[in-house]
Amino acid sequence: MTSEVAFDVLEQILIGLDVKDIIRCKSVCKSWQSFISSPRFIKAHMKKQDRGDRRICSVNSTCKNDESFSGNNMFIVGSCNGLVCVSPRDVKLEVTNPCTRETRELQTPPCRPRSLKTRCGVECMGFGYDASTYDYKVIAGFRNSKRKLFYLLTLKSNIWKVIGEVKYMTLTNRSGILCGGALHWIMLGKKKKKVIISLDLSTEEFEEIPLPTEAHRFYSPRLCVIEGCLCLYIDSFASSSKKWVMKNNKWELYYNDKSEYDFVYCLQRWHRRVVDSQKTTRYFYTNALAMVVPRNRDHISDSIYVKSLVSPHPHRVCFLLTYIIIYLIN
């Protein structure tokens with residue numbers, strides 16, 4: 001009973017600390033390390049983090065995310081709960097936590113593009129969390145004749161499977177916008193009509209969401225997340241253009257204050273050569289490279305980012321949970 005009370009007090013103290021400070025606390029003793037690594041503490045700490053107006057982008061990309069998608073630059077697929085899914089080159093995929101610097105390589109999608117040197121043939125990608133299975137999912141959509149074939153991988157299984165196909169062509173936002181447990185892309189449907197395709201990560205089902213009537217006359221509408229809501233804006237000086245937000249399944253005009261700013265972290269990639277000439281890859285951000293920018297077209301569609309202790313290795317978390325249970329029993 002005494003140990004339970006002590007851990008409750010410890011949780012209240014640690015929960016307000018920054019991730020980097022908490023990581024240092026792991027070295028105090030084994031019981032602290034196990035407690036800090038427990039799913040309960042990781043979840044409680046993440047709930048305390050500020051989720052508003054913080055985004056993450058690639059430090060070596062001066063172009064829009066969609067433009068880097070078609071090349072061989074480092075491309076951010078998406079971010080969720082502190083984990084960032086990255087495509088460092090061609091169709092290779094990795095999931096990293098920039099705070100803890102844990103990185104995990106994922107299986108390459110089975111449907112290869114025409115050229116392995118670029119992402120040519122990859123129509124769209126996405127990354128998000130499925131609350132019903134407590135698992136993270138990666139989505140990859142490939143061209144297949146006039147249709148788009150969608151593959152899905154979960155972090156727990158690290159295995160790709162086909163989940164369906166749609167008869168649409170991706171227009172903008174190659175990286176799916178995560179909002180409300182679903183990924184969203186703007187695509188061209190029948191008679192080249194623009195439509196938002198939503199993929200529910202729990203049911204793995206697709207849904208069409210119509211654009212606001214006025215938005216159809218614009219050539220390149222885009223998606224982002226503002227204040228926790230799905231937002232559609234025109235790809236032309238987004239800070240001053242019209243925006244619509246989805247509230248209660250209806251589009252509403254968003255009247256923004258010109259003084260609104262976003263805090264943007266810049267993700268870096270670092271190699272270190274170890275034994276037998278093998279390389280280890282680490283992703284991190286530095287506050288020196290962070291930017292405070294107006295909500296404009298350069299970063300408004302970047303992924304929302306929150307600092308966390310979440311590990312890209314779910315099996316390690318399960319092992320630690322078992323260890324903690326055994327520790328408490330004994």
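A donor-acceptor contact shorter than 3.5 Å links the side chain of Arg55 to the backbone of Ile300. In this structure, the side chain of Lys156 engages the main chain of Thr133 through a donor-acceptor pair within 3.5 Å. No side-chain donor-acceptor contact under 3.5 Å links Asn248 to the backbone of Lys250. At least one donor-acceptor pair under 3.5 Å links the side chain of Asn158 to the backbone N or O of Gln107.
Tyr254 pairs in a side chain to side chain donor-acceptor pair (under 3.5 Å) with only one of the listed residues (Lys243, Glu227, Lys247), which is Glu227.
Counting only heavy atoms from C-beta outward, the side chains of Asn97 and Ser308 approach each other to under 4.5 Å. Side-chain contact between Leu230 and Trp251: present, with at least one pair of heavy atoms (C-beta onward) separated by less than 4.5 Å. Within the 4.5 Å cutoff, the side chain of Val84 has heavy atoms near those of the Pro98 side chain. Contact annotation: the side chain of His184 never approaches that of Met246 to less than 4.5 Å [non-hydrogen atoms, C-beta and beyond]. In this structure, the side chains of Leu93 and Met125 come closer than 4.5 Å at one or more pairs of heavy atoms. Within the 4.5 Å cutoff, the side chain of Asp200 has no heavy atoms near those of the Glu207 side chain. Side-chain atoms of Ile139 and Val77, non-hydrogen and from C-beta on, never get closer than 4.5 Å to each other. Side-chain contact between Leu309 and Ile23 is present, with at least one heavy-atom pair separated by less than 4.5 Å.
Note that the CH2 atom of Trp32 and the OG atom of Ser37 stand 13.0 Å from one another [nearest 0.5 Å]. The line from CG of Leu232 to CD1 of Ile177 is 11.0 Å long, rounded to the nearest 0.5 Å. How far CG of Leu149 is from CD1 of Ile163: 9.5 Å, rounded to the nearest 0.5 Å. Here Arg104 contributes atom CZ and Glu94 contributes atom CD; the two are 12.0 Å apart, rounded to the nearest 0.5 Å. A distance of 9.5 Å separates CG in Leu267 from OG in Ser79, rounded to the nearest 0.5 Å. A distance of 11.5 Å separates OG in Ser38 from CD in Gln33, rounded to the nearest 0.5 Å.
Considering every non-hydrogen atom in both Met187 and Cys124, the closest pair reads CE-SG, 4.2 Å. Between Ala140 and Pro109, the closest heavy-atom pair is CB-CG, 4.5 Å. Across Pro88 and Val86, no two heavy atoms sit closer than the pair CD-O, 3.5 Å. Here the closest heavy-atom approach between residue Cys25 and residue Leu14 is recorded as SG-CD2, 3.9 Å. What you find for Val195 and Ile209 is that their closest heavy atoms are CG2-O, 3.6 Å. Heavy atoms only, all atoms of each residue included: Val19 and His45 are closest at CG2-CE1, 3.6 Å.
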Assess the residue pair Asp130 and Thr154 against the criterion (side-chain contact (heavy atoms from CB on, under 4.5 Å)); give the C-alpha distance rounded to whole Å, side-chain angles, the decisive distance to 0.1 Å, and a yes or no.
CA-CA 9 Å; Asp130 178 2; Thr154 66; over 6 Å; no

Stepwise side-chain contact (heavy atoms from CB on, under 4.5 Å) test for Val138 and Trp160:
CA-CA 9 Å; Val138 183; Trp160 290 96; 3.9 Å; yes

Test Tyr233 against Trp244 for side-chain contact (heavy atoms from CB on, under 4.5 Å), laying out the working first.
CA-CA 7 Å; Tyr233 68 96; Trp244 295 264; over 6 Å; no

For the pair Trp185 and Phe150, evaluate ring pair (Phe, Tyr, Trp, His ring centres under 6.0 Å) and give the outcome as yes or no after the intermediate values.
CA-CA 13 Å; Trp185 301 270; Phe150 277 86; 5.6 Å; yes

When you look at Lys137 and Leu183, which way does the side-chain contact (heavy atoms from CB on, under 4.5 Å) test go after all the steps?
CA-CA 11 Å; Lys137 295 181 176 181; Leu183 290 166; over 6 Å; no

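Note on Val310 and Tyr134: same hydrophobic cluster, where clusters join Ile, Leu, Val, Met, Phe, Trp and Tyr whose side-chain heavy atoms are under 4.5 Å apart, directly or indirectly. In this structure, Ile159 is not a member of the same hydrophobic cluster as Leu153, with clusters built from ILVMFWY side-chain heavy atoms closer than 4.5 Å.
Relative to the ring axis of Phe263, Arg54 places its NZ or CZ within 45° and under 6.0 Å from the centre.
The aromatic rings of Tyr151 and Phe142 stand perpendicular to each other, their planes meeting at an angle above 60°, with 30° marking the opposite boundary. Note on ring orientation: taking the six-membered ring where Trp is involved, the planes of Phe127 and Tyr136 are parallel (angle under 30°, cut-offs 30° and 60°).
Side chains of Ser311 and Glu102: a donor on one and an acceptor on the other come within 3.5 Å.
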